[in-house]
Amino acid sequence: MIKITLKGDVVKEFDAGVCAADVTKSLGAGLFKAACACEIDGVYSDLRTVINKDCALNILTFDDELGKKTFWHTASHVLAQAVKHLYPSTKLAIGPAIDNGFYYDFDARPAFTNDDLQKIEDEMKKIIKNGTELIRFSLPIEQAQKLLSDMGEDYKVELANEHASSGEEISFYKQGDFTDLCAGPHLLSTAPLKAIKLTQCTGAYWRADANNTQLSRIYGTAFPKALMLGEHLTRIEEAKKRDHNKLGRELELFTTSDIIGQGLPIMLPKGAKIIQILQRFVEDEEEKRGWQLTKTPLMAKSDLYKLSGHWDHYKDGMFVLGDEEKDEEVFALRPMTCPFQYQAYLNRGRSYRDLPMRLNETSTLFRNEASGEMHGLIRVRQFTISEGHLMCTPAQLEGEFKNCLELAIYMLKTLGLYEDVSYRFSKWDPNNREKYIGTPEQWDEAQSVMENILNHLEIPYKVGIDEAAFYGPKLDIQIKNVHGKEDTLITIQIDQLLAEKFSMEYVDADGVKKNPYIIHRTSLGCYERTLALLIEKYAGAFPLWLSPIQAKILPIGERQLEYAKKLSDELKNAGLRVEIDERSEKIGYKIREAQLEKVPYMLIVGDKEVEADLCSVRSRKDGDKGQMPVNELIKMLVTENATKAR
RNA sequence: GCUACUGUGGCUCAAUGGCAGAGCAGCUCAUUCGUAAUGAGCAGGUUGUCAGUUCGAUUCUGACCAGUAGCUCCA
């Protein structure tokens with residue numbers, strides 16, 4: 001007999017050799033029905049796992065992350081089975097569970113189109129209705145390779161070959177007429193996959209390498225109940241409504257023009273106003289913290305980029321002016337600010353007394369992004385970033401890095417984005433040497449310096465291999481957009497290589513010339529991307545201090561126009577952004593429009609208000625707030641504006 | 001760049017191998033109204049662009065431009 005410790009420290013005895021599924025069954029039919037997988041002594045395992053010794057068993061259902069993963073992984077096998085039924089010549093690649101569902105990659109000729117999805121989904125439903133049992137078995141490597149190669153599954157053979165040296169058997173899962181190479185775990189049967197939906201089909205490269213064949217990827221999601229699927233699809237629809245690319249255009253923050261070109265958004269007055277507010281805020285805050293503003297050119301001779309290494313690494317991504325073959329001098333629009341600001345440092349000889357030297361710039365950059373990469377305001381060809389470079393001694397590095405991070409965190413907290421970010425420590429990949437400059441020793445040093453700083457500051461981070469800049473490691477502050485796609489909002493980088501390339505030196509206290517460390521950093525990222533995330537964060541209803549129009553004065557009729565103008569002047573003099581709706585419309589109509597425009601305050605003036613120097617205040621959020629003396633109103637708005645309240 | 005999809009007035013959408021239609025927004029007039037839509041009228045389109053097929057193309061085909069999702073890339 002063995003002892004199995006269950007949830008709530010309940011211990012039960014079973015015969016040795018019992019499988020986790022049978023244990024689950026003995027605990028109740030409801031739990032057995034809901035069980036997706038389990039953890040045995042904390043190890044994520046299949047319910048088919050045979051237990052031979054005392055252990056702790058935790059049953060995982062769809063409510064657990066790993067339970068969901070198992071559920072969706074099985075759904076991906078059903079997808080593959082359905083595809084094999086309908087298109088037998090299709091070859092299988094991989095089919096994992098992802099954040100909110102699953103996908104499967106197929107080598108299908110021709111590639112699947114949206115029209116195929118419905119057919120495949122219907123076939124999946126048939127398979128699920130039959131409630132086929134999944135059977136796990138394993139084979140020695142040679143037999144596994146033979147089986148897969150007999151099946152004609154070239155991609156699977158490639159995967160199996162990679163396990164050849166491990167000496168372990170290769171596991172398979174079989175459901176009816178379908179067998180797939182798979183480590184599992186899986187559900188016991190396809191029956192629990194009550195509600196499934198195939199969501200889209202796209203291309204995806206085999207092994208994530210653009211040089212390989214492009215496969216046809218089908219995405220889907222599945223739930224144990226139809227209601228849950230419905231809720232999931234509703235959530236996606238709701239998210240679409242706050243997509244910055246839709247909402248930002250509706251609210252007239254920005255637009256685009258075919259004749260101007262891709263990735264070149266036009267900031268309309270309201271969007272430009274928000275960016276101006278952000279820029280002023282950033283520049284003022286940076287000045288308070290000892291940063292000095294520079295203004296450097298938007299282009300340079302190719303020589304500059306050759307020296308920095310950007311010409312070698314990113315020439316294709318730059319807008320080059322002129323022809324290298326024909327012209328004596330070739331220029332390029334700047335894709336980054338680094339070497340421009342270095343010239344400011346190089347203006348004269350520097351001493352350790354000049355350090356740290358903190359140079360910031362509201363810097364417009366140009367990158368010739370590939371046509372498929374552009375997206376709304378998130379990824380564009382021209383953008384403006386709060387960029388800065390900080391030259392310091394090794395002793396100052398940790399303190400200055402911390403200051404840069406604190407500034408970034410202050411910015412995020414003020415904007416209300418702090419709760420939404422995560423940290424990524426982006427390292428180089430020693431196996432991808434052509435991407436990076438410097439020696440392994442230099443990389444080890446720079447990375448260990450950054451790692452020490454991050455650990456010391458207790459920053460919780462994920463590691464990103466091969467995510468570093470070509471000259472040094474990065475701390476990337478990541479944020480997800482409304483569709484769950486992650487992007488870098490802020491980055492702080494340590495660079496000990498470029499100073500040497502540019503002969504940047506300082507005379508230390510001991511009289512010896514040394515290269516400074518350089519921190520590349522942004523305090524708020526690029527304004528276009530930040531605006532995009534703010535639009536989505538607030539669904540267009542910005543906090544007062546960021547609102548392009550903070551209050552709209554709505555006269556009931558023409559009689560109050562003069563008073564409305566007086567009120568508007570008073571508010572403007574107090575530094576507030578105000579508009580008057582002078583149209584001869586009913587008050588309900590004016591309110592509706594102001595509300596849809598997401599103006600924070602509506603100030604209604606009728607005869608009653610004019611008489612007593614009052615104003616009826618309506619808030620976007622709370623509706624009618626009643627009457628208020630004008631001086632009191634101004635005091636309230638000015639205070640809210642100054643505190644940057646959210 | 002790759003795969004798939006999309007493109008009809010400012011917006012949301014309809015229709016057709018044979019005269020392109022509606023609502024909202026806009027403009028004009030009337031209305032001067034108390035917390036989310038007053039009424040009437042007017043105007044607005046070479047159906048993304050350029051070719052091809054056709055007696056005739058907005059519809060079919062191709063190329064290009066732009067947009068969406070995903071992949072790859074992101075200094």
Side-chain angles (χ1 to χ4, degrees), chain A residues 103 105 108 110-117 199-219 240 243 245-246 249-250 252 255-263 305 308-318 334-339 365 367-376 378-379 387 435-437 467-472 474 476 483 485 487-488 491 493 495 498 520 554-561 583-596 602-609 616-620 623-627:
Chain A
Y103 68 78
D105 285 347
F112 293 127
T113 68
N114 289 341
D115 294 340
D116 298 318
L117 291 191
T199 47
Q200 55 174 332
C201 70
T202 71
Y205 299 105
W206 169 238
R207 315 228 101 178
D209 185 338
N211 298 314
N212 288 340
T213 315
Q214 188 162 40
L215 305 166
S216 190
R217 173 174 297 177
I218 296 180
Y219 284 91
K240 277 185 191 160
D243 185 326
N245 208 4
K246 184 170 165 54
R249 289 168 196 269
E250 276 171 14
E252 299 195 298
T255 186
T256 49
S257 159
D258 288 8
I259 204 165
I260 286 182
Q262 225 189 340
Y305 308 112
S308 67
H310 287 88
W311 197 258
D312 283 347
H313 282 84
Y314 297 108
K315 194 173 99 184
D316 289 346
M318 288 165 63
R334 68 176 181 198
M336 36 74 229
T337 324
C338 329
L365 305 180
R367 294 182 183 180
N368 193 2
E369 303 283 2
S371 62
E373 309 300 349
M374 258 82 68
H375 169 62
I378 298 271
R379 195 81 179 268
E387 178 136 75
K435 181 178 159 187
Y436 302 97
I437 59 172
E467 297 283 356
F470 72 83
Y471 47 74
K474 307 192 284 183
D476 293 322
H483 304 296
K485 186 168 175 164
D487 261 302
T488 301
T491 179
Q493 312 167 357
D495 165 18
L498 291 183
H520 304 232
L554 312 178
I556 302 269
E558 260 169 33
R559 272 199 308 283
Q560 300 89 22
L561 258 183
R583 296 173 305 172
S584 65
E585 297 289 350
K586 284 164 78 174
I587 195 66
Y589 183 78
K590 291 184 183 182
I591 286 170
R592 179 184 153 79
E593 296 233 312
Q595 194 80 43
L596 290 175
M602 285 148 271
L603 310 175
I604 293 134
V605 290
D607 287 338
K608 284 182 260 174
E609 285 76 17
S616 247
V617 179
R618 185 189 162 96
S619 117
R620 168 183 71 194
D624 193 355
K625 310 267 273 185
Q627 289 179 329

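Reminder, nothing fancy here: chain letters follow the sequence lines and each chain counts from 1.
Nearest-nucleotide positions on RNA chain B place A:Ala210 closer to the 5' end than the other of A:Ala210 and A:Cys338. With RNA chain B read from its 5' end, the first of the two nearest nucleotides for A:Leu215 and A:Asp209 is the one closest to A:Leu215.
Within 4.0 Å (heavy atoms only), A:His310 reaches at least one base atom of the nucleic acid. At a threshold of 4.0 angstrom between heavy atoms, the contacts of A:Gly376 are confined to the sugar-phosphate backbone, with no base atom among them. Counting any heavy atom pair closer than 4.0 Å across all strands shown, A:Ala208 reaches sugar-phosphate atoms only and no base atom. Using a 4.0 Å heavy-atom distance criterion, A:Arg618 is classed as a base contact. Across all strands, A:Ala469 comes closer than 4.0 Å only to sugar-phosphate atoms, never to a base (heavy-atom distances). Using a 4.0 Å heavy-atom criterion, one finds that A:Tyr471 contacts the sugar-phosphate atoms exclusively. Within the nucleic acid shown, A:Asn211 has no heavy atom closer than 4.0 Å to any nucleic acid atom. Using a 4.0 Å heavy-atom distance criterion, A:Glu609 is classed as a base contact. Within 4.0 Å of A:Gly372, counting heavy atoms only, lies at least one base atom of the nucleic acid. Counting any heavy atom pair closer than 4.0 Å across all strands shown, A:Ile604 reaches a base atom. Residue A:Glu250 is out of contact with every strand shown, counting any heavy-atom pair closer than 4.0 Å. Using a 4.0 Å heavy-atom criterion, one finds that A:Lys608 contacts the bases of the nucleic acid, with or without backbone contacts as well. Nucleic acid contact class of A:His520 (heavy atoms, under 4.0 Å, all strands): none. As judged by a 4.0 angstrom heavy-atom cut-off over every strand, A:Leu596 is placed among the base-contacting residues.
Straight-line distance between the C1' atoms of B:A20 and B:A15: roughly 7 Å, to the nearest whole Å. For B:G1 and B:U38, the P atoms lie 48 Å apart once the distance is rounded to whole Å. Rounded to whole Å, the C1' atom of B:G26 lies 27 Å from the corresponding atom of B:G34. Taking atom P in both B:A43 and B:A22, one finds a spacing of 12 Å when rounded to whole Å. Look at the P atom in both B:C50 and B:A57: the space between them is 14 Å, to the nearest Å. With both ends at atom P, the span from B:A51 to B:U59 equals 13 Å, rounded to whole Å. Nucleotides B:U58 and B:U6 place their C1' atoms 16 Å apart, quoted to the nearest Å. Comparing the P positions of B:U8 and B:G48 gives a spacing of 6 Å, expressed to the nearest Å.
A donor and an acceptor atom sit less than 3.5 Å apart, one in the side chain of A:Glu373 and one in the base of B:U72. Residue A:Tyr205 places no side-chain atom within donor-acceptor reach of the base of B:G70, judged by atom type and a 3.5 Å distance cut-off alone. With hydrogens and angles left out, the side chain of A:Thr202 and the base of B:U3 share no donor-acceptor pair within 3.5 Å. Side chain A:Ser616 to base B:U35: a donor-acceptor pair is found below 3.5 Å. A donor and an acceptor atom sit less than 3.5 Å apart, one in the side chain of A:Arg379 and one in the base of B:C73.
For the OP1/OP2 pair of B:G70 and a distance below 4.0 Å, the side-chain nitrogens and oxygens of A:His483 include no atom meeting the criterion. Considering only side-chain N and O atoms, A:Gln262 lies under 4.0 angstrom from the phosphate OP1 or OP2 of B:G67. Side-chain nitrogen and oxygen atoms of A:Tyr589 include none within less than 4.0 Å of the OP1 or OP2 phosphate oxygen of B:U32. An OP1 or OP2 oxygen of B:A75 is reached within less than 4.0 angstrom by a side-chain nitrogen or oxygen of A:Lys474. Note on A:Arg583: every side-chain N or O is 4.0 Å or more away from OP1 and OP2 of B:U32. Between A:Ser371 and B:G1 there is a side-chain polar atom (N or O) within less than 4.0 angstrom of OP1 or OP2.
Ring geometry for A:Trp311 versus A:Tyr305: interplanar angle under 30°, hence parallel rather than tilted (30 to 60°). Between A:Phe470 and A:Tyr314, the ring planes are tilted. Angles from 30° to 60° get that label.
Put simply, CG on A:Leu117 is 12 Å from C1' on B:A69, counting in whole angstrom units. Distance, A:Glu585 CD to B:A37 P: 12 Å, rounded to whole Å. Separating the CD atom of A:Glu593 from the C1' atom of B:A25 is a distance of 8 Å, rounded to the nearest angstrom. The nearest whole Å value for the distance from the NZ atom in A:Lys485 to the P atom in B:C74 is 13 Å. A:Glu252 has its CD atom 11 Å from the P atom of B:G26, to the nearest Å.
Between the side chain of A:Gln262 and the main chain of A:Ser371, a donor-acceptor pair closer than 3.5 Å is present.
Across all non-hydrogen atoms, the minimal contact from A:Ile218 to A:Phe112 is CD1-CD1, 3.6 Å.
The listed nucleotides are B:C71, B:C74, B:U32; the one nearest the side chain of A:Arg559 is B:U32. The side chain of A:Arg592 lies closest to B:A36 when the candidates are B:A69, B:A66, B:A36. Here B:A75 is the nucleotide among B:C5, B:C65, B:A75 with the atom lying nearest to any side-chain atom of A:Pro335. The nucleotide whose nearest atom lies closest to any side-chain atom of A:Asp624 is, among B:C33, B:G1, B:U35, B:U35. Candidate nucleotides B:U35, B:A4, B:A75 were compared by shortest atom distance to the side chain of A:Arg367, and B:A75 ranks first.
Counting heavy atoms from C-beta on, the side chains of A:Ile591 and A:Ile604 come closer than 4.5 Å.
Just one of A:Met318, A:Arg334, A:Met336 meets the side chain to side chain contact (heavy atoms under 4.5 Å, CB included) condition when paired with A:Arg367; it is A:Met336.
The nucleotide B:A69 finds its pairing partner in B:U3, both defining distances of the Watson-Crick or G-U wobble pair being shorter than 3.5 Å. The nucleotide B:G41 finds its pairing partner in B:C27, both defining distances of the Watson-Crick or G-U wobble pair being shorter than 3.5 Å.
Electrostatic pairing of A:Lys474 and A:Asp476 counts as a salt bridge here, judged by a charged N lying under 4.0 Å from a carboxylate O. In summary, A:Glu593 and A:Arg583 engage in a salt bridge, as defined by a charged side-chain N under 4.0 Å from a carboxylate O.
A:Thr202 and A:Gln200 are not linked by any side-chain donor-acceptor pair at a separation below 3.5 angstrom, with hydrogens and angles left out of the test.
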